[in-house]
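Please read the structure below before turning to the comments.
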Number of protein chains: 2
Amino acid sequence: MKKTSNKKNKIPEPTILRLSAYRRALQDYKEQSAAKFVSSRQLGELANRNASIVRKDLSYFGEYGMPSKGYEIDHLLDQIVNIMNVKQQHAVALVGVGNLGKALLGYPGFKKQGFSIEVAFDNNAIKIGKKIQEIKVRNLKDLPLEVAKREIKISFITVPAVAAQEVANLLVEAGMRAIINFTPARIWVPPKVILRHVDLTRELEVVSYYLGK
Amino acid sequence: MKKTSNKKNKIPEPTILRLSAYRRALQDYKEQSAAKFVSSRQLGELANRNASIVRKDLSYFGEYGMPSKGYEIDHLLDQIVNIMNVKQQHAVALVGVGNLGKALLGYPGFKKQGFSIEVAFDNNAIKIGKKIQEIKVRNLKDLPLEVAKREIKISFITVPAVAAQEVANLLVEAGMRAIINFTPARIWVPPKVILRHVDLTRELEVVSYYLGK
DNA sequence: AGCTGTGAAGTCATTCACAGCC
DNA sequence: GGCTGTGAATGACTTCACAGCT
């Protein structure tokens, strides 16, 4: 038998995305069913994928299945949790308490998936000191101290687009290791920092395109 | 010269996504520069892509460029706007005025890109009748009438996950042509309805994975 | 000389199909 | 008999490289 996780092989990003879908599907499934095992076909159905890709995705990381039985659900969940590095909660900082920032502060889905927004910043004096959903809004100037104190590695940028780059610089300066940019602005960070982009209008535009066909 | 848009050739979805990025990049660029033309290389830089893919993407739809000059910015913008079918604003209905729903109602980015949330629904008596950002919250029961009256074709689902499928059914029944699901729930709609999914924790999970490497 | 448009080549991801195991 | 794990085959998307136009 092989000696588990081949860290050498590069994992396709789509695989990572599906892995998180499998995790959710399994969590839901566990609540609805008493089954101990799930086959690649079943899991595929739960996550809207075909069985082959499920097996291939999982096989990048190890041999978790048993011939003729499938995958033991609890074990597989543990493995995926490990792979995705969500065994413990991740603390997140949020910069920009406008409409979107407030919404993300109030969105329960993050915590459920293992991410908790621990601190929020703004530079608007009227907002500073207020509490949104139990989280006190702090002065942007205190960002370096706060994130150092709390060892926060991940930040959301939810400021207006024009300020996005400036905030990103601040975050990098403060030692942030990953940034998720919710603004439409394109920003640059040094390669050691993981940068991802959430674009809320993306799917709308795709829809618009297909409606025109 | 060829006779423009080859509707037969299937367009890769990544192309559609990039097209919307090109549009934004061009809009921004227009505001900052007096240039009349842009080359595929320049546009690529603006949108973080390489020149080849820019040319390839545009070539699916026609021959918009001029040898040795590049693409005329205004003309290219018009063409992309046509392709993406965003010449006129699209009306959008929103179902579920919780945290996320409220945020989307207050998010100015949609209107800027040609989408305007025209009507919002909830089934919570306390919320019905209230106004959020100029939009009156209506009784979910009135959805069929309202969307018919306003000829709305696109809806956001921002209800709690457990109610997502039920709302989707309602929307399909009411003749909606496209649905954007902001809940983590996986939902089913008939194939004639365009279904897209926005998952706010997706990028967080990807980040978590890479932080663990 | 500079830049587009596009076949051809190359790269990456998914699906097939089947040997091996329970 | 049923299901995994995985090379091989296929398919999708991107990049290369260059002919042709201005």
Side-chain angles (χ1 to χ4, degrees), chain A residues 1-6 8-22 26 29 35-73 75-77 79-80 83 206 209, chain B residues 1-6 8-22 26 29 35-73 75-77 79-80 83 206 209:
Chain A
M1 192 180 281
K2 206 189 299 169
K3 198 53 181 57
T4 59
S5 74
N6 318 345
K8 55 189 80 169
N9 307 7
K10 222 178 103 253
I11 313 294
E13 193 175 294
T15 291
I16 306 303
L17 291 168
R18 283 191 298 268
L19 241 40
S20 92
Y22 301 154
L26 287 170
Y29 187 59
K36 282 257 169 298
F37 286 82
V38 68
S39 71
S40 59
R41 177 136 66 81
Q42 291 174 302
L43 182 49
E45 269 164 30
L46 294 170
N48 282 0
R49 305 286 154 182
N50 72 32
S52 291
I53 198 75
V54 171
R55 291 202 300 279
K56 182 71 91 184
D57 284 342
L58 297 176
S59 79
Y60 286 122
F61 300 96
E63 304 188 349
Y64 305 137
M66 295 167 70
S68 92
K69 308 196 81 173
Y71 301 87
E72 206 212 323
I73 293 172
H75 180 62
L76 183 55
L77 257 175
Q79 297 298 332
I80 297 180
I83 294 165
V206 174
Y209 170 80
Chain B
M1 191 180 283
K2 203 188 303 171
K3 199 51 182 59
T4 58
S5 75
N6 317 346
K8 55 188 80 171
N9 307 8
K10 220 179 107 255
I11 313 295
E13 194 176 294
T15 292
I16 306 303
L17 291 167
R18 283 190 298 268
L19 240 43
S20 92
Y22 302 153
L26 286 170
Y29 187 58
K36 282 255 169 298
F37 286 83
V38 68
S39 70
S40 58
R41 177 136 67 81
Q42 290 174 302
L43 182 50
E45 270 165 29
L46 293 171
N48 283 358
R49 306 285 154 182
N50 72 31
S52 293
I53 198 74
V54 171
R55 294 202 299 280
K56 182 71 89 183
D57 285 341
L58 297 176
S59 79
Y60 286 121
F61 300 95
E63 304 188 346
Y64 305 136
M66 296 169 68
S68 91
K69 307 196 81 173
Y71 302 87
E72 204 211 327
I73 293 171
H75 180 62
L76 182 56
L77 256 176
Q79 296 298 332
I80 296 180
I83 293 165
V206 175
Y209 170 80

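Chain letters run A, B, ... following the sequence lines, proteins first and then strands; every chain starts at 1. Note that the coordinates shown come from a computational prediction; the quantities given were computed from them, not determined experimentally.
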Can you tell me how far apart [atom1] ([X]) and [atom2] ([Y]) are? Round to the nearest 0.5 Å.
| X | Y | atom1 | atom2 | answer |
| --- | --- | --- | --- | --- |
| B:Tyr71 | B:Gln79 | OH | CD | 12.0 Å |
| B:Arg18 | B:Ile80 | CZ | CD1 | 12.0 Å |
| A:Ile73 | A:Tyr29 | CD1 | OH | 5.5 Å |

Shortest non-hydrogen separation from B:Leu43 to B:Val38 and the atoms involved |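 Shortest heavy-atom contact: N-CG2, 3.8 Å.
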For the residue pair A:Tyr209 and B:Ile83, what are the closest heavy atoms and their distance?
->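 Distance-wise, the nearest heavy atoms are CD1-O, 3.3 Å.
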Which of the following nucleotides, C:dC3, C:dA13, C:dC21, is nearest to the side chain of B:Ser39?
->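 The nucleotide sitting nearest to the side chain is C:dC3.
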Touch class at under 4.0 angstrom, heavy-atom based, for A:Lys56 against every strand present |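 Base: the residue A:Lys56, judged by heavy atoms under 4.0 Å, touches a nucleobase.
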Between [X] and [N], is there a side-chain N or O to OP1/OP2 distance below 4.0 Å?
| X | N | value |
| --- | --- | --- |
| A:Tyr71 | D:dG5 | yes |
| B:Arg41 | C:dG2 | no |
| B:Ser40 | C:dT4 | yes |

In residues 46-55 of chain A, what residues come within less than 4.0 Å of DNA chain C, judged by heavy atoms?
->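 Hits under 4.0 Å, by residue number: A:Asn50, A:Ser52, A:Ile53, A:Arg55.
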Between [atom2] on [N] and [atom1] on [X], what's the gap in Å once rounded to a whole number?
| X | N | atom1 | atom2 | answer |
| --- | --- | --- | --- | --- |
| A:Lys69 | D:dC3 | NZ | P | 12 Å |
| B:Tyr64 | D:dT22 | OH | P | 18 Å |
| B:Leu58 | C:dC3 | CG | C1' | 13 Å |
| B:Arg18 | D:dA12 | CZ | P | 16 Å |

Tell me, please, which residues at least two apart from A:Tyr22 pass side chain to side chain donor-acceptor pair (under 3.5 Å).
->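 With neighbours one apart ignored, the set is A:Asp57.
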